[in-house]
Amino acid sequence: MTEEKKPLSRSEREAQIKDKAGWVITVIACLLAANTYIANNFSSKATTNLIKANDTYSFYQAKSIKQSIAEGQLEDTKDPKRREQLEAKIARYESDPASGEGKRELLAKARSLEAERDEAKLHSPWLTFSGMALQFAIVLLSASILAVSMKMFKWSIAVSAFGALLLSQGIWLWLPLSL
């Protein structure tokens with residue numbers, strides 16, 4: 001004798017979904033919080049490096065102006081000792097590895113900061129799309145409770161898994177894709 005399963009009532013289905021949904025919403029919300037934190041870190045790094053690169057280029061420009069002035073003074077100077085001092089100063093403006101503040105070193109530093117900024121910016125679109133997917137998953141999950149729909153519940157799981165995948169891409173850039 002086999003006993004037929006009686007379909008669950010609406011309230012029983014609702015209780016079943018609510019039991020699962022509470023934990024799933026918590027996990028998705030934690031992923032969303034982590035996503036926001038990580039995205040803000042990359043955004044801050046990009047902005048900070050942009051400002052530092054601009055400051056470094058400004059310092060480079062100031063060194064270039066000082067070097068041009070010193071070169072003009074060198075042309076007008078006949079005194080050998082003064083010429084020697086100006087030549088040393090011009091050489092330091094061009095390159096000063098000891099202080100790291102010669103034009104050559106400043107240009108390398110600015111380019112390095114720009115490269116770090118550009119690398120940080122690569123993460124942004126992935127993390128933005130991840131955040132959107134995770135938010136959408138929470139909306140679907142909430143709707144599944146209200147509609148007592150297991151189908152919506154499963155879709156919310158799929159969308160949150162996609163959001164988690166985008167989050168991992170946003171963190172590690174494991175796929176060589178750019179947006």
Self-check item: Pairwise distance CG(L86) to CD1(I69) - rounded to 0.5 angstrom
Solution: 11.5 Å

Self-check item: Hydrophobic cluster membership, I17 vs L146, 4.5 Å side-chain cutoff
Solution: no

Exercise. Count the heavy atoms of every other residue, nucleotide or ligand shown that sit under 6.0 Å from CD of E87, and state whether that count exceeds 12.
Key: yes

Quiz item: Atom OG1 in T56, atom NZ in K63: separation rounded to 0.5 Å?
Solution: 12.5 Å

Quiz item: Hey, mind stepping through R117 and K45 against side-chain contact (heavy atoms from CB on, under 4.5 Å) and telling me if it holds?
Solution: CA-CA 7 Å; R117 176 209 60 203; K45 185 175 185 177; over 6 Å; no

Quiz item: Hey, does W126 have a side-chain heavy atom less than 4.5 Å from the side chain of I171?
Solution: no

Exercise. Is it possible for you to say whether F136 and L141 belong to one hydrophobic cluster, with membership spreading through side-chain heavy-atom contacts below 4.5 Å?
Key: no

Quiz item: Just by modelled atom types, is the F153 backbone N or O under 3.5 Å from a matching donor or acceptor in the S156 side chain?
Solution: yes

Quiz item: Under 3.5 Å, side chain of T36 to main-chain N/O of L32, donor-acceptor pair present?
Solution: yes

Quiz prompt | Any side-chain heavy-atom pair of I145 and M152 under 4.5 Å | solution = no

Practice problem: Please round to the nearest 0.5 Å and tell me the distance separating atom CZ of R92 and atom NZ of K89. | Solution: 7.5 Å

Quiz prompt | Inter-residue atom distance S149.OG - W155.CH2, 0.5 Å rounding | solution = 12.0 Å

Practice problem: Report the distance from atom CD of E116 to atom CG of N49, rounding to the nearest 0.5 Å. | Solution: 5.0 Å

Exercise. Answer yes or no: are there more than 12 heavy-atom neighbours, outside W23 itself, under 6.0 Å from its atom CH2?
Key: no

Quiz item: Does any non-hydrogen side-chain atom of K52 lie less than 4.5 Å from one of T48?
Solution: yes

Quiz item: Do the side chain of S124 and the main chain of K121 share a donor and acceptor less than 3.5 angstrom apart?
Solution: no

Quiz item: Is the closest side-chain heavy-atom distance between S64 and Y60 below 4.5 Å?
Solution: yes

Quiz item: Which heavy atom of S130 sits nearest a heavy atom of L166, and at what distance?
Solution: CB-CB, 3.7 Å

Exercise. Mark yes or no for whether R83, through its side chain, and T77, through its backbone, hold a donor-acceptor pair below 3.5 Å.
Key: yes

Quiz item: What distance do D118 atom CG and L113 atom CG have between them, rounded to the nearest 0.5 Å?
Solution: 11.0 Å

Quiz item: Do L175 and L173 sit in the same hydrophobic cluster, where Ile, Leu, Val, Met, Phe, Trp and Tyr count as joined when their side-chain heavy atoms come under 4.5 Å apart?
Solution: yes

Quiz prompt | For R10 against A147, the heavy-atom pair lying closest together | solution = NH1-O, 4.0 Å

Quiz prompt | Same apolar cluster: F129 and V159, side chain cutoff 4.5 Å | solution = no

Practice problem: Would you name the heavy atoms of L134 and I28 that are closest together and state the gap between them? | Solution: O-CG2, 3.5 Å

Practice problem: Locate the shortest heavy-atom distance separating G163 from A133; write the atom from each residue and the value. | Solution: CA-CB, 3.7 Å

Exercise. Test K109 against E105 for salt bridge (charged side-chain N to carboxylate O under 4.0 Å, His left out), laying out the working first.
Key: CA-CA 6 Å; K109 180 181 177 184; E105 293 80 18; over 6 Å; no

Self-check item: Expected output: side-chain S99 to main-chain E101 donor-acceptor under 3.5 Å
Solution: yes

Quiz item: Heavy atoms, side chains only, cut-off 4.5 Å: are M150 and R13 in contact?
Solution: no

Quiz item: Where the side chain of S43 meets the backbone of N40, is there a donor-acceptor pair that is under 3.5 Å apart?
Solution: no

Quiz prompt | Least distance between heavy atoms, Q67 atom then Y93 atom | solution = CA-CD1, 3.5 Å

Quiz prompt | Cluster overlap I138 with L127, hydrophobic side-chain contacts below 4.5 Å | solution = yes

Quiz item: With no hydrogens and no angle check, is any side-chain donor or acceptor of E71 less than 3.5 Å from a backbone partner on I90?
Solution: no

Quiz item: Counting distance only, does the side-chain N/O of T47 pair as donor-acceptor with the main-chain N or O of S44 below 3.5 Å?
Solution: no

Quiz item: Can any side-chain N or O of E12 pair as donor or acceptor with the backbone N or O of S9 at less than 3.5 Å?
Solution: yes

Exercise. Please answer whether the main-chain N or O of F42 pairs with a side-chain N or O of H123 as donor and acceptor at a distance below 3.5 Å.
Key: no

Quiz item: For L107 and Y57, what are the C-alpha separation, side-chain angles and deciding distance, and is it a side-chain contact (heavy atoms from CB on, under 4.5 Å)?
Solution: CA-CA 7 Å; L107 191 57; Y57 278 124; 3.7 Å; yes

